Every structure is written in structure tokens, then in C-alpha cells.
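Here the structure comes first, spelled out in C-alpha cells, and everything after it is commentary.
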Amino acid sequence: MDSHYDHISTEPKLYETWEKSGAFSPKKTDKSAKTFTIMMPPPNANDPLHIGHAMFLTVEDILIRYHRMLGDITLWLPGTDHAGIETQFVFEKKLKKKNQSRFEFDRETLYKMIWDYVQENSSVAVEQMKKIGASADWTRFTFMLDEKVVKQVLASFIKLHQDSLLYRDEQLVNYCTQCGTSFSDLEVVYVDQNSPLYYVKYPLVENPREFITVATVRPEPIFADTHLAVNPDDKKHNYLIGKKVLNPLTNEEMEIIADEFVDPEFGTGIVKLTPAHDANDFQVAKKHNLPIHQAINLEGKITAKGGKYAGLRVKAARESVVNDLQEKGLIEKIDDKYNNRVAVCYRCQKPIEPLLLPQFFVKVKPLVEPILNDLKNEKFHVYGAGHDKILKHWLENLRDWNISRQIVWGIRIPVWYSVTENPDIVVSFLTTDKNKITGNIKSVLEQGFTVEQINNGLQELRAPIQANFVVSTSSPGVDYLQETDTFDTWFSSAQWPFTTLKKNGDEDFKQFYPTQVMETGYDILPFWVMRMLMMGKYITGELPFSNIYLHGLVRDQKGQKMSKSKGNVVNPLVIAEKYGSDALRMALVIRSSAGLDKSVGEPDFKAMRNFSNKLWNASRFVLEHLDLSQEGDVKTNENFINKLNEISKTITKNLNNFQIGLAAETSYNEFWHWFCDEQIEITKTGKLGGKELLHGLKVFIALLHPFVPFVTEAVWQEMRQKQLVETDLLITTSWPS
RNA sequence: GAGCCCGUAGCUCAGUUGGUUAGAGCGCUUCAUUGACAUUGAAGAGGUCAGAGGUUCGAGUCCUCUCGGGCUCACCA
């Protein structure tokens, strides 16, 4: 044995040996009574691994290796995600570099291009996961858009439809005009910003020299407004109810109505209603049956109704409107110190426009209630510093889920519209010579295009809210066109625990569902974990997992969030190369705690590299410098064995309680400071037996294997060569009892 | 406005259902070392466990409040 442990030559060899041996696939053993299954959170197929991935891989691999050694039938099912909007966004950036845009392609061609692009890169993530030592069952590897997965996702949609848990509705949705798609409420982020508050004067009809002043940050859609509102209990203003004012842009008459939602304390206590572009106003408009006029279109431009402003972008329109109002003397004042919070796209940071759009929604209440019950009755457990309470809060306040996305890269919603029944459908498509045609279906057909031609070049289809549709996984007939919207990425990943297992028939599903652990970062608790609970229970009748382990964010040495702009990003593969995967893994988990962030830096990796080396050299001493026939004295031997058992028990208990950071710390400390610093030294004096010390080494090597799999296996192989151990591989050796 | 988490050694953090002298890594001081390992060993300095009150035979750990830091949700015309 070398005097230094060399991870570079050792790790790839050992990984190959493990994989070839079939150790990663679930096996019946003589001890096996139960299964232990973890579904790997699928990383984006074309993303290189970052430190967060390394964290989840390490935590899950520890649990998996532990349970495999316990003798459970252990399955860790890996895969990758198509990551709809993320991937399409990256791909469009690439197109832009080539001076192309998605609008130059029909959706089928575009889909295929993204597919090829993703395939090119998808092996990178897998290779990197292997580098970290992930002992996942690659023979069951699943990609979110695998045909058999998609089939089940569609089937779930159909079930939701049959159970009346699905509806198509025209509602205000969070729309990003830059990304060209809507988002669920969860995907919107808010930023504080300074927004000028305009005090706009509305002339009273009964006396146009008198004005009602309204404060607004959004004057540009005023032309589409038809009503103002005051609070009925507002004594200062309720005399206005029923009176009329003139729209300052169009001079149309506007009635002042009463609604409790108005805060008399805010602004002037009078509010303008813009139902098509504000969630509150939309509610009020529905309640009072007010007209809803679209002022801004999906491109983020003013609609035709805007007259002279039509076609202007929101920002330009605002400037223009404010100018005009000022000229008319209808701006009383502008408060430019006003701060509010503005919704922005989590992806591109551009402002979110609440826009009226027909979308598919899932009714969440019936899905959420069983989960709340199961949470209350402790049918599953959340490890993660109070995140069970956060989950509860989410479940209690969840709003219906918009699952429509106006992007190509994803699973197309299995909904069909008859072109004869719905002549008002608007389609955009490319002709065979790449001309873009946009118009309602009736006029397009009259121009002589066939449904087939439209379908072949189809980019986008917009069916009005009253359109009839058929839910079906295949075309109901020749005059049908399929919805062009795709599912929210999370709609398919919500079904990951069972779609993966059902992929190859029901056998895996029967054996491994429900799974034992869902391990992921707390940041995607509402996006993913909550929805897996909902969809898993709904589709299969059983919770998809009984334990949720949430790890924290990995931060830098100073506890700061890692970000490209700060330049403090740690690349796990660089660390693995420099210090070894074992060091990377140990540094990530040692003293980590579920649900709490973890700081790591170069000194930590270095320290854990030293640990690998310590392990190697302690083993070298036992294997090469120790007289194994040395007897030692009975009492010392006995104490040694007792303490060893105690340590095993503690680490086992820690792992059973998901105290992974503590288990790592205990094994580290006991090995280095008890076994090496004390017991090896005692052995040198002759008091501790050689046989006992060797046994102790074997126990520690096994206990440490889940955390530092490579160096421990390397030592095992040395012992195997010297015929000191019975099994070929440590990875499948029994856990010390 | 509501909720969640954190506050322990210079720094980053452990400390499981309350139980003897409060731990680790890095850093610091002194010493050792051709015999497993300098990617080492030994010894040491450094903590009124944010503060106050309470429960208890006993509190870093449980309860209440205060202060400080972080995060999330909701509303913001």
C-alpha cells in the first residue's frame, strides 16, 4: 500500500467494479424483508452538475448504501427532467446567437431541435453523478419525456378530467411577455421598486369642472377602464356611489361603484378598475358583472382599443399617456417616492403582466385535503427544521393550479378542438414555403388551406374560452387540431414516483411503491414535494413516500449564497478532482442538519481529504505493520469491543433517525480520535490484541462506507487480497450489527 | 399583516427524547517526529451557549417575552 491514498487512480476503477457487479440494482438477500426506495430528483437533462446536486446525491447515496448493507431490497431510481421553460429558454438563447428565433419554426420542428440538443448533453449529467459515487440503478434510468412516462402523465390528465377536477377557464394568469408563457402563482417573484404614483383627475359628468382624483401606478390602460370604485363604508366618499365621471382618455362615461375591497386609507380612497390586468379588479368585475376590456396583448403591447396608443409597449404607452394627461391638466401630482412590489418573471426578471387567457386549471382542494389529513395523522414525516409547518401552510392556502404553458418543450396537452365547431380559433402556422399565416380558422380555411396544412406548420393555436374541446390522447378526427399549450413541468414531475416505477409494467410499481424517502432541497417543497404528495395520493391512492428529508442550501465558506455574479460558486467536479469524491461528500454532509443551510469552503474539503488519507494510513498500519497474532490483555480487548459496539449502535441510530450530519460526525470523530489516536497507540504498547484491532478496522470501514465509499472500498480490496475478509465487495457487505 | 428558521470558541457549524468537566473543522500558541499517516502526533489558549424571566432535583436543550439576523407567504390602486 502506498503511503498516500490516491483518489484519482482509485475512484473510476472502483465505480466500474461496482457497476459491473450489479450491486446498484435491487437484490434479494438472505436478510431482505423489506424494500428501501428513493426516487432521485431528476436534474435538468442538459445542465452540468452544481454543488446542490452534489448535496442531494451524497445524502441519498448515504441512505441507499446504508440500507443496501442492511440487507434491504434497495432501489435508487435515477433520471433527468426535460425542465420545460428552463431548457427552452436556454435553447432560444442559442438560436438567437445564430440570428434565429423560435418563430421561424413550426412547433414539431422546434420540438425536435430541442430534443436533439438535450440528447447531446444529457449524458454529461449522468457521467457527473457517477463521479460523485452515486450508486443508483442506471438500468432503470428514466427521462421525463420517455414515451412510457408521457403516456401516464396524459392518462392522469384524463383522469382529472373525468373526475371533474379539471377546468378550462379564462382567468387572469401571470404572463411573461418576454418568455411568451404563463406561470403558476408559485413561479412569480416579487421585487421592491420605486414606482411613480400618478394622481389622475377624472371630470365629473354632472359638473365637468369638478374632479375626482384617483392614484395609480398604471395609467396606461385607463382607456379600457369603465368604472371607479369606493368603499361603501367610506363616509368621505360614499356620496359618490352611482355618480359618473368621464374617462380622461376617451371621455366615455364611467360609473362609480361600491366595493369593500377598496382601502379608504390608500391613495385618495378611490380606485380605478382595470379588470383585465389586475387580480383584485378582476374579482370585483366578476362580482358586479362589469365589462372586461383587454388593454394589453400577449406581446406586451397596447391593444387596438387603445387608439393612438395601440401597438406601443407598456412602458412607452405609459410615458405617452402621462404626457397627454399632463397636457390636458388631468394629473394633479406625481408621487415619485412611492415604493411598491412588482411581480417579475422568475426566469427573465421582466415584469409579469396579469393577462386574461383561457388556461387549464386543476382544482386543488380535493387533492390537498387527504394530504392535510395524512400530515395531521403523521402518515408521513418531514425532516427539515419546521418545514412541515410550512408545508401545512401551503396546503391550507393553495389556489387552483394553472398547468398550461405556452411553450413547445414539454408534454402537449391532450385536448382537441374541432375546426368546424370552433371557427373562431386563431391559429399561427407556417406554410410549406415558410410564410407565416395568422388568423381565425374560418378565414384561413376559406383561403384554401387544409387542416392538414395548418397542422403541419402549426405554431400556436388560441381557442376562445367558449370553444368546445375533446380530451383524448389521439386525434378524434380529421378536422381536429390539438391544443398547442404544454403542461407545466411540475405537472409531470409531480408524478415522478409512480411514472418511473410503472414505466416497465406494474412489477416494479408493486414492489417498490410507495417509496420510503423523498430527499430534496427545501426550496422546492411547494413546487415539487407538495405536488407529488397530491398527485401520488390522487392517482395511486397511496402517498408516494413516507419520509421527506429536506436538505439546505449549500453556501460558501462565509455563509453567503453562491452565485455567479459573486464569483463564489464551488464546482463539485473540480473539488472531486482535486480532493476526491469522498472528501467532497464528507465535507457536504458532516455536521449538516436537515432543513438548514450548510457552509463549505476549501479548508473543509482539504480537511476531509486528510480524513480519507488518515483512513488509508490507519488501514495500512493494521494491514502491514501490525502483528495480528498479538494477544493483548483480556480487559483491554473487552473494553475495546464494547466501545466499538456502542459506536456502531450510535451511528446506526443516527442514520435510522435521518441524522446524517451527526452520523458522519460521529464516525469521523470516533474513527480518528478514538480508533487512531488512542486504540492504535495502545496496540503499539501490546495491550490491545491484533485480532481485535483488525476487527475494529473492518467495522469502521463498513460504518464509514456510506459516507466515503471509495476509500473504504479501496481498503476492503486490500484486505480481500490478503484474504482477511469474506466478501468480494464492501458495497454489498453487511452492516455491522 | 402572517408564519418559519437561526443566534453556542476568532470564523463555519454540530450538540437525537432535558442528565456528569459544552464538541468538531479551520485558525492561533508551544512542543514532538527517520517506524501507518507532516494530508501527522501531544499539550494548550479561547465559550456568563444573544438577553431576561419561568418550569425542573437538574436547562445550550422545554415555556414566555425582548433584542439581533435570515427566509417565506399575503397585500400594496
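When reading the values below, keep in mind they use all heavy atoms of this one structure, side chains included, and skip hydrogens, waters and symmetry mates. Computed from a predicted structure; not experimentally measured. Each chain gets a letter, A, B and so on, in the order its sequence line appears, and its residues count up from 1.
Within the nucleic acid shown, A:Ile680 comes within 4.0 Å of at least one base atom, counting heavy atoms only. Across all strands shown, A:Ser593 has heavy atoms under 4.0 Å from sugar-phosphate atoms exclusively, and none from any base. Residue A:Leu273 is classed as having no contact, given no heavy-atom separation below 4.0 Å to the nucleic acid. Note on A:Phe611: nothing from the nucleic acid sits closer than 4.0 angstrom, heavy atoms only. Among the atoms of the strands shown, only primed sugar atoms or phosphate atoms (P, OP1, OP2) are found under 4.0 Å from some heavy atom of A:Trp394.
The residue among A:Ile270 and A:Glu681 whose nearest nucleotide of RNA chain B lies closer to the 5′ end is A:Glu681. If A:Val600 and A:Lys561 are placed on RNA chain B by their nearest nucleotide, the residue sitting closer to the 5' end is A:Val600.
The base-pairing partner of B:G58, taking Watson-Crick or G-U wobble contacts with both distances under 3.5 Å, does not exist among the strands shown. Both distances falling under 3.5 Å, in either a Watson-Crick or a G-U wobble arrangement, occur for no nucleotide opposite B:U39. Here B:U34 sits opposite no nucleotide as a Watson-Crick or G-U wobble pair (both hydrogen-bonding atom distances under 3.5 Å). The nucleotide B:U20 finds no pairing partner, because no Watson-Crick or G-U wobble arrangement with both distances shorter than 3.5 Å includes it. When both pairing distances are held under 3.5 Å, B:G68 makes a Watson-Crick or G-U pair with B:C6. Across all strands shown, B:G44 is found opposite B:C28 as a Watson-Crick or G-U wobble partner, with both distances under 3.5 Å.
A salt bridge does not link A:Lys649 to A:Glu646: none of the charged nitrogens lies less than 4.0 Å from a carboxylate oxygen. Salt-bridge check for A:Lys606 with A:Glu602: failed, with every basic side-chain N at 4.0 Å or more from each acidic carboxylate O.
Atom-to-atom, OH of A:Tyr190 to C1' of B:C73 comes out at 10 Å; the value is rounded to the nearest Å. Rounded to whole angstrom, the span from the CG atom of A:Asn617 across to the C1' atom of B:U39 amounts to 9 Å. Counting to the nearest Å, the P atom of B:G70 and the CG atom of A:Leu553 are 15 Å from each other. Across the protein-nucleic acid pair, A:Tyr522 atom OH and B:C6 atom C1' stand 11 Å apart, rounded to whole Å. One can place CG of A:Leu391 at 17 Å from C1' of B:C71, the figure rounded to the nearest angstrom. With rounding to whole Å, A:Phe261 atom CZ is found 12 Å from B:C75 atom P. Rounded to a whole Å, the NE2 atom of A:His7 is 21 Å from the P atom of B:C37. For the pair A:Leu662 CG and B:U61 C1', the computed distance is 14 Å after rounding to whole Å.
Residue A:His393 places no side-chain N or O under 4.0 Å from the OP1 or OP2 atom of B:C73. The side chain of A:Asn610 contributes no N or O atom lying less than 4.0 Å from OP1 or OP2 of B:C37. The phosphate of B:G25 (OP1 or OP2) has a side-chain N or O of A:His673 nearer than 4.0 angstrom. Side-chain N/O atoms of A:Lys606 include none lying less than 4.0 angstrom from OP1 or OP2 on B:G25. A sub-4.0 Å separation between OP1 or OP2 of B:C37 and a side-chain N or O of A:Ser3 is absent. Contact check, A:Lys684 against B:A36: a side-chain N or O comes under 4.0 Å of OP1 or OP2.
Side-chain proximity of A:Arg341 to B:G41, B:G25, B:A74: nearest is B:A74. Of all nucleotides listed (B:C13, B:U16, B:C5), B:C5 comes nearest to the side chain of A:Ala385. The A:Ala618 side chain lies nearest to B:A36 when the options are B:C37, B:C13, B:A36. Minimum atom distance to the side chain of A:Lys653 is reached by B:U17, of the listed B:U17, B:G25, B:A36. Closest approach to the A:Asp677 side chain among B:A14, B:G41, B:C4 is made by B:G41 (side chain taken as heavy atoms from C-beta onward). Closest to the side chain of A:Asn280, from the set B:C76, B:C37, B:U16, is B:C76. Minimum atom distance to the side chain of A:Lys614 is reached by B:U40, of the listed B:C5, B:U40, B:U16. Taking every side-chain heavy atom of A:Arg399 into account, B:A74 is the closest of B:U17, B:A74, B:C37. When distances are taken from the side chain of A:Trp672 to each of B:U12, B:C76, B:U40, the shortest belongs to B:U40. For A:Cys676, the side-chain atoms get nearest to B:A36 when compared with the rest of B:U39, B:A36, B:U16.
Relative ring orientation between A:His673 and A:Tyr668 is described as perpendicular, the plane-to-plane angle rising above 60° on a 0-90° scale split at 30° and 60°. Relative orientation of the A:Tyr5 and A:His7 rings is tilted, given thresholds of 30° and 60° on the angle between their planes. Between A:Trp674 and A:Phe640, the ring-plane angle classifies as parallel under the 30° and 60° cut-offs. Ring geometry for A:Phe700 against A:Phe671 counts as perpendicular: the plane angle is over 60°, on a 0 to 90° scale with 30° as the lower cut.
The base of B:A14 is not paired with the side chain of A:Gln659 by any donor and acceptor separated by under 3.5 Å. Remark: the A:Lys389 side chain and the B:C4 base include no donor-acceptor N/O pair separated by less than 3.5 Å.
Heavy atoms from other residues, nucleotides or ligands lying under 6.0 Å from NZ of A:Lys722 number more than 12.
We find the CZ-CG distance between A:Arg609 and A:Asp604 to be 13.0 Å, quoted to the nearest 0.5 Å.
Taking atom C1' in both B:G23 and B:C49, one finds a spacing of 12 Å when rounded to whole Å.
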